[in-house]
Amino acid sequence: VLETGKMDTGGKNGKREKEEAGPLVAVRHRAPIARSVIYMSRNKMRIKTLSLHEIGFGDQTIDISEVSQLAEKSQTRCIAEALHYLKDNLIDGKMTVNEMLKTLQKDIDEKGLNVLQSNVGSFSRARSMEIAAALNRLRSLETIKSI
């Protein structure tokens with residue numbers, strides 16, 4: 001807090017930079033393209049929970065260290081398997097990320113975490129927001145705008 005009693009937001013010389021008021025921007029709906037979500041590495045499926053904040057997905061490492069709500073590696077394992085489920089069952093270039101996540105959560109609600117068809121150990125349910133964060137951090141991800 002500055003001497004004036006105002007919050008320091010990190011602007012120049014400790015002063016807040018002036019922000020322009022404007023209309024809110026509508027959320028852009030986008031649909032992932034299946035061919036861009038690659039979990040194969042050297043002709044083998046590679047989906048591995050490397051740590052609480054890292055997922056090995058194909059030849060990529062997804063860094064989810066900024067997803068601050070994660071508390072257990074079992075949540076990260078759930079996110080990794082959810083990405084696998086999305087790729088194999090829902091990503092088709094037509095469904096938006098939001099629609100896919102709603103469908104995934106519905107499937108888990110109805111069938112339990114076993115819908116993720118994994119035998120990699122225990123899971124703790126991850127929230128849609130955390131799964132979306134991991135998907136967004138997948139470097140190979142390509143999307144198309146959806147109407």
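Numbering starts at 1 and runs along the sequence shown.
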Under a 4.5 Å side-chain heavy-atom rule over Ile, Leu, Val, Met, Phe, Trp and Tyr, are L86 and M40 clustered together? yes

Do you know which two heavy atoms are closest between L101 and S128, and how far apart they sit? CD1-O, 3.8 Å

Would you say N98 and T96 are linked by a side-chain donor-acceptor pair, where the criterion is simply a distance under 3.5 Å? no

Is E81 salt-bridged to R77, going by a charged N under 4.0 Å from an acidic O? no

Mind checking side chain to side chain donor-acceptor pair (under 3.5 Å) for S74 and listing every partner two or more places apart, or none if nothing turns up? E72, S124

Kindly give the heavy-atom pair with the smallest separation between T76 and L70, and that separation in Å. OG1-CD1, 4.0 Å

To the nearest 0.5 Å, what is the distance between CG on L83 and CZ on R137? 11.5 Å

Within a strict 4.5 Å, meaning less than it, do heavy atoms of the D88 and Y39 side chains meet? yes

Any sub-3.5 Å donor-acceptor pair from S36's side-chain atoms to E142's backbone N or O? yes

Return a table of donor-acceptor pairs under 3.5 angstrom between the side chains of residues 53-61 and protein atoms on other chains or two or more places apart.
residue : atom : partner : partner atom : Å
D59     : OD1  : S41     : OG           : 2.4
Q60     : OE1  : R139    : N            : 3.0
Q60     : OE1  : S140    : N            : 3.2
Q60     : NE2  : S140    : OG           : 2.8

Closest non-hydrogen atom pair between A71 and L52, with its separation: C-CD1, 4.0 Å

One thing to verify: whether D109 and R125 come together as a salt bridge, which I'm taking to mean a side-chain N less than 4.0 angstrom from a carboxylate O. yes

Would you say that more than 12 heavy atoms from the other residues, nucleotides or ligands in this model lie under 6.0 Å from the CD of E66, or not? no

Got a donor-acceptor contact below 3.5 angstrom from the E130 side chain to the R127 backbone? yes

Set out, in order, the CA-CA distance, both residues' side-chain angles and the distance that settles side chain to side chain contact (heavy atoms under 4.5 Å, CB included) for I33 and T143, then state yes or no. CA-CA 5 Å; I33 300 170; T143 62; 5.8 Å; no

For K48, does the NZ atom sit with more than 12 other heavy atoms under 6.0 Å from it, leaving out its own atoms? no

If I take atom CE from residue M100 and atom CG from residue D107, how far apart are they, to the nearest 0.5 angstrom? 12.5 Å

Ignoring hydrogens, what is the shortest heavy-atom contact between K87 and A34? Give both atom names and the distance. NZ-O, 2.7 Å

Note: R35 and I38 closest approach over all heavy atoms is O-CG1, 3.5 Å

Atom of A134, atom of I62 and distance for their closest heavy-atom approach: O-CG2, 3.6 Å

When you measure from the side chain of D92 to the backbone N and O of M95, does any donor-acceptor pair fall under 3.5 Å? yes

Examine L50 and L135 and state if one hydrophobic cluster contains both, with Ile, Leu, Val, Met, Phe, Trp and Tyr joined whenever side-chain heavy atoms are less than 4.5 Å apart. no

Apply salt bridge (charged side-chain N to carboxylate O under 4.0 Å, His left out) to R46 and list each qualifying residue two or more places apart in sequence or on a separate chain. none

dist Q105:CD -> I131:CD1 (nearest 0.5 Å) comes out at 5.0 Å

